[in-house]
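Here the structure is laid out as structure tokens; the discussion comes afterwards.
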Amino acid sequence: QVALVESGGVQSGGSLRLACKASGDIFDIYSAGMGWYRQAPGEERELVAEFTTPRASRFGDGYRGRFTVSADNYNKEILLRANSLKPEDTAVYYCKAGTPPQYWGQGIQITVSP
């Protein structure tokens with residue numbers, strides 16, 4: 001059993017800060033494959049970034065360099081950050097665990113106006 005709870009949103013200045021805290025059967029952020037997906041209206045859910053073994057991260061196409069991820073393994077919490085959000089970044093952002101994903105957070109709606 002795994003529970004993922006997201007929090008955060010768009011900060012003043014147009015930057016993104018999202019946090020996801022895991023509880024339950026998560027022993028390690030990296031081996032559990034925690035990360036982030038997003039889904040724009042009418043489109044498929046796609047990878048933003050995820051953590052991988054032994055201790056690394058990978059990004060979906062177009063996200064590297066714009067988005068950053070960090071991990072706090074003690075608190076089982078991961079962060080997603082991005083600067084200079086664009087209207088194309090409007091989507092529901094989901095925390096996930098498992099590769100391929102097995103568990104999902106509820107999702108957070110991020111809306112960026114033109």
Side-chain angles (χ1 to χ4, degrees):
Q1 304 180 58
V2 173
L4 304 171
V5 180
E6 303 115 329
S7 62
V10 180
Q11 311 297 300
S12 177
S15 63
L16 177 70
R17 185 185 187 277
L18 295 175
C20 176
K21 187 172 181 62
S23 61
D25 196 17
I26 295 289
F27 298 102
D28 179 82
I29 284 173
Y30 299 89
S31 61
M34 291 188 65
W36 297 92
Y37 278 65
R38 77 180 192 185
Q39 186 169 20
E43 300 183 9
E44 294 186 0
R45 194 172 300 184
E46 64 180 27
L47 174 70
V48 178
E50 66 180 351
F51 292 98
T52 61
T53 56
R55 198 169 297 274
S57 61
R58 62 184 291 266
F59 292 83
D61 292 343
Y63 294 100
R64 185 184 299 275
R66 293 186 59 222
F67 289 77
T68 61
V69 286
S70 59
D72 180 348
N73 221 10
Y74 178 79
N75 291 295
K76 300 298 185 290
E77 185 175 74
I78 62 171
L79 296 178
L80 176 68
R81 297 173 180 170
N83 293 322
S84 301
L85 290 176
K86 302 176 180 179
E88 305 92 271
D89 294 317
T90 295
V92 178
Y93 287 71
Y94 295 91
C95 180
K96 68 93 177 180
T99 304
Q102 295 179 325
Y103 303 95
W104 297 97
Q106 183 175 330
I108 294 181
Q109 174 70 56
I110 301 297
T111 301
V112 184
S113 300

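Computed from a predicted model, the values in this text were never measured in an experiment.
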Over all atoms of both residues, closest heavy-atom pair of [X] and [Y]:
X    : Y   : result
P114 : P87 : CA-CG, 3.5 Å
A71  : F51 : CB-CZ, 3.7 Å
A97  : L4  : N-CD1, 3.7 Å
I26  : A32 : CD1-CB, 3.6 Å

With sequence neighbours excluded, residues passing ring pair (Phe, Tyr, Trp, His ring centres under 6.0 Å) with Y37 =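 Testing Y37 for ring pair (Phe, Tyr, Trp, His ring centres under 6.0 Å), a comparison that skips the adjacent residues, returns W104.
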Not counting sequence neighbours, which residues clear ring pair (Phe, Tyr, Trp, His ring centres under 6.0 Å) with F67? List them please.
->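 Here the qualifying residues are Y63.
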Got a donor-acceptor contact below 3.5 angstrom from the [X] side chain to the [Y] backbone?
X    : Y    : answer
T111 : T90  : no
E6   : C95  : yes
K21  : N75  : yes
Q102 : P100 : no
K96  : G33  : yes

So, do [X] and [Y] sit near enough that their side-chain heavy atoms are less than 4.5 Å apart?
X   : Y    : answer
R17 : L79  : yes
V5  : Q106 : no
L18 : I108 : yes
N73 : R55  : yes
Y94 : R45  : yes
D61 : E46  : no
L85 : V10  : yes

To the nearest 0.5 Å, what is the distance between [atom1] ([X]) and [atom2] ([Y])?
X   : Y   : atom1 : atom2 : value
F59 : W36 : CZ    : CH2   : 13.0 Å
K76 : S23 : NZ    : OG    : 11.5 Å
L80 : R38 : CG    : CZ    : 9.5 Å
D28 : T53 : CG    : OG1   : 9.0 Å
D89 : R66 : CG    : CZ    : 4.0 Å

ILVMFWY network linking Y93 to L47, side-chain heavy atoms under 4.5 angstrom | no
In terms of hydrophobic clustering (I, L, V, M, F, W, Y; side-chain heavy atoms under 4.5 Å; direct or indirect links), are V92 and I78 co-clustered?
->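 Result: no, two separate clusters.
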